[in-house]
Amino acid sequence: LAKTTQPISMDSYEGQEVNITCSHNNIATNDYITWYQQFPSQGPRFIIQGYKTKVTNEVASLFIPADRKSSTLSLPRVSLSDTAVYYCLPYGGATNKLIFGTGTLLAVQP
Amino acid sequence: NAGVTQTPKFRVLKTGQSMTLLCAQDMNHEYMYWYRQDPGMGLRLIHYSVGEGTTAKGEVPDGYNVSRLKKQNFLLGLESAAPSQTSVYFCASSSGLGIYGYTFGSGTRLTVV
């Protein structure tokens, strides 16, 4: 299983764009890259998933370079309610198991 | 539109007691999972199931048992609770089709004293 490395924590202010980068050097060819968000006392929530290049939805954008050894989650104009832990996980359909790391705690301040 | 429902939400056990956590999903998902989350740590996979009647071990299976007698339910059992099992337990389900995400329950906070 691919091992991921993310910053333990990040600070930001309301209205700023936040980019969280995750490295996954040994990602498998058939792995997707998924990102989850977890608020205190809640289960993780799926945010976005991609395989390569760029994916955008109503919540975030995901940038994946050609070598797929890293990915960057971009949150536009964050608000206080975006304060949460963000997890990057490679997801291989064949194994169908999500293995979580420690994630990145994003703290948004006014 | 319940998604994944976990019961109970909170429980306090004495060391050596047993209990069962129930997870129910109404999305007809094939795959179900039990995770535990300890302070400052990510989620660790305990057991999972790829279909009715099947179970498999995850990263930290010791001290737990599971059963999947019905497709919509996944039970996690603690036969003899220990303080080290104090944690928040999350259940999740997925369609297992690869490109779709998981749906998590809201968690069960278990304290073993």
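Please read all numbers here as calculations on a predicted model, not as lab measurements. Letters go in sequence order (proteins before strands), and every chain restarts at 1. Computation of the quantities below employed the complete heavy-atom set of this structure, encompassing side-chain atoms and omitting hydrogens, waters and symmetry-equivalent molecules.
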Between A:Tyr87 and B:Gln37, the two heavy atoms sitting closest are OH-NE2, 3.1 Å

So which of A:Ser41, A:Pro44, A:Gly43 has the largest heavy-atom pair count under 4.5 angstrom toward chain B? A:Pro44

Are more than 12 heavy atoms from other residues, nucleotides or ligands located less than 6.0 Å from atom CZ of B:Arg109? no

Same cluster or not: are A:Leu62 and A:Ile20 linked, directly or through other Ile, Leu, Val, Met, Phe, Trp or Tyr residues, by side-chain heavy atoms under 4.5 angstrom apart? yes

Show the nearest heavy-atom pair for residues A:Tyr36 and B:Tyr102, with the distance to one decimal. OH-N, 2.8 Å

Partner residues of A:Tyr51 under the ring pair (Phe, Tyr, Trp, His ring centres under 6.0 Å) criterion, sequence neighbours left out: A:Tyr32

Side chain to side chain donor-acceptor pair (under 3.5 Å) against A:Thr21, all qualifying residues, sequence neighbours excluded: A:Thr72

Using non-hydrogen atoms only, which part of B:Glu59 is less than 4.5 Å away from chain A: side chain, backbone, both, or neither? side chain

